[in-house]
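Data block below; observations after.
So you know, we letter chains A, B, ... as the sequences are listed, proteins then strands, and number each from 1.
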Protein chains: 2
Amino acid sequence: MTVIFSKKCEIGLQAVLFLSAQTPNQRFSAAEVAKKINAPKEFTSKILQDLTGSKIVASKKGKFGGFYLGRNPKDIKLIDIVIAIDGLEIFHKCVLGFKGCSVEVPCPCHDKWGSLRDETYKMLSSETLEELRDSVIRKIDSL
Amino acid sequence: MTVIFSKKCEIGLQAVLFLSAQTPNQRFSAAEVAKKINAPKEFTSKILQDLTGSKIVASKKGKFGGFYLGRNPKDIKLIDIVIAIDGLEIFHKCVLGFKGCSVEVPCPCHDKWGSLRDETYKMLSSETLEELRDSVIRKIDSL
DNA sequence: TTTGAATCGGATTATAGAATCTGATTTAAT
DNA sequence: ATTAAATCAGATTCTATAATCCGATTCAAA
């Protein structure tokens, strides 16, 4: 089987998108988020916790606590979440797994994958969560 | 961490590319292949064995046995190897992992990823191993 | 026909990622 | 202060993938 983003990253992306579709600063328990995006509760909780480290998500403990966006949606892009969870490796390694794939000694996919990789990066970094908001709300509401 | 193809698939791709760069029908032991592509011997052996199932690779047992291409390089494309090992899942699922991502209820990356996914498929299926041969030889020789 | 070099194929082990559990801590309301 | 609701953080378990091991089999050459 093959994967673009790890499960952890997929859930992180969906969880943050969920939060970005809500009224700003409203808090949601990990259980609420997990239920909505149909992911394991404890796993979702852990991922949201992890994301507080990079300030993408913030949390408040205690009664009426929960998770919410840690920064203005104007200042968050999908790539930020990917980097926080999976890192940038996918944007650096050879698709075919060759070590030392380079312009000098390219693999048969070097050039094409180079553009596709760049386009993928652009897809994740050209729009902010604010710009994506309408589209995200539609998606989240349909879940 | 994130991955395009599984390790198994990467090694399978490299191993088949190695074979395609050799004199037709010349046989190579799993150990020789593994050494050249810098992969674990037993794992490479198992992957090559698996690939005999889809006729991409053929093997001959006994003394002077080994692995070699199972079909004419004119009739093998990279996508065949990917399908044999990882399957087509990556070309069907939503990048963000949403269930039921569709034209009606698209995720924020639906359209862009749609084109990138198609381009990736094209990259793997538009040329045969024969057409890639020169490029592959250069790469394999450099290892 | 015997021998040695090799793959085959199934079983096993190791590792990393996914998922869960639990006890401690925080916080707001009473 | 006490309580109840919630996160936090670390330990643990589960699972799929990665990697290895080994006995059985195959085959060609002497």
Report summary line: Separation of C/dG9 atom P from B/Leu51 atom CG, nearest Å, is 13 Å
Requested in this report: Counting heavy atoms from C-beta on, name the nucleotide in C/dT7, C/dG10, C/dA19 closest to the side chain of B/Phe67.
Outcome: C/dT7
Query raised in the report: Using a cut-off of 4.0 Å on non-hydrogen atoms, how would the nucleic acid contact of B/Phe43 be classed: base, sugar-phosphate, or nothing?
Result: base
Query - Rounded distance in Å - CG (A/Asp86) to P (C/dG17) - result: 10 Å
Query raised in the report: Which whole-number value in Å describes the distance from A/Ile85 CD1 to C/dG17 C1'?
Result: 13 Å
Report task. Look at the side chain of A/Ser29 and decide which nucleotide, out of D/dT25, D/dA6, D/dG10, has an atom nearest to it. Result -> D/dA6
Query raised in the report: What's the closest nucleotide to the A/Lys63 side chain, out of D/dA5, D/dA19, D/dA28?
Result: D/dA5
Query raised in the report: To the side chain of B/Ile11, which of D/dA9, C/dA29, D/dA19 is closest?
Result: D/dA19
Query raised in the report: To the nearest angstrom, how far is A/Glu10 atom CD from C/dA19 atom C1'?
Result: 15 Å
Requested in this report: Indicate yes or no: does B/Arg133 engage B/Glu130 in a salt bridge with an N to O separation below 4.0 Å.
Outcome: no
Query raised in the report: Out of C/dG10, C/dA19, D/dA18, which nucleotide sits closest to the side chain of B/Lys7?
Result: D/dA18
Query - Residues B/Lys122 and B/Glu119 bridged, charged N to O under 4.0 Å - result: yes
Query raised in the report: So which nucleotide from C/dA28, C/dC21, C/dG10 ends up closest to the side chain of A/Glu42?
Result: C/dC21
Requested in this report: May I ask you to evaluate whether B/Lys60 reaches the phosphate of D/dA28, defined as a side-chain N or O under 4.0 Å from OP1 or OP2?
Outcome: yes
Report task. In whole angstrom, give the distance that lies between atom CG of A/Leu19 and atom P of D/dT7. Result -> 12 Å
Report task. Taking all non-hydrogen atoms of both residues into account, name the closest pair between B/Cys107 and B/Leu96 and its distance. Result -> SG-CD1, 3.9 Å
Report task. May I have the distance from A/Lys41 (atom NZ) to C/dA18 (atom C1'), rounded to whole angstrom? Result -> 17 Å
Requested in this report: Would you kindly give the CD1-to-P distance between B/Ile37 and D/dA18, to the nearest whole Å?
Outcome: 14 Å
Query raised in the report: Are A/Ile90 and A/Ile85 in one and the same hydrophobic cluster, where Ile, Leu, Val, Met, Phe, Trp and Tyr link if side-chain heavy atoms are under 4.5 Å apart?
Result: yes
Query raised in the report: Which residue, B/Ser45 or A/Thr44, contacts DNA chain C at a nucleotide closer to its 5' end, judged by nearest heavy atom?
Result: B/Ser45
**Report entry** Nucleotide nearest A/Phe64 (side chain, heavy atoms from C-beta), chosen from D/dT20, C/dA29, D/dA11
**Finding:** C/dA29
Report summary line: Ranking C/dT26, C/dA19, D/dA19 by distance to the side chain of A/Lys61, first place goes to C/dT26
Report task. Find the distance B/Gln49:CD to C/dG10:P and express it as a whole number of Å. Result -> 9 Å
Query raised in the report: Under 4.0 Å between a Lys/Arg side-chain N and an Asp/Glu carboxylate O for A/Glu10 and A/Lys7?
Result: yes
Report task. Assign B/Lys8 to base, sugar-phosphate, or nothing according to its heavy-atom contacts below 4.0 angstrom with the strands shown. Result -> sugar-phosphate
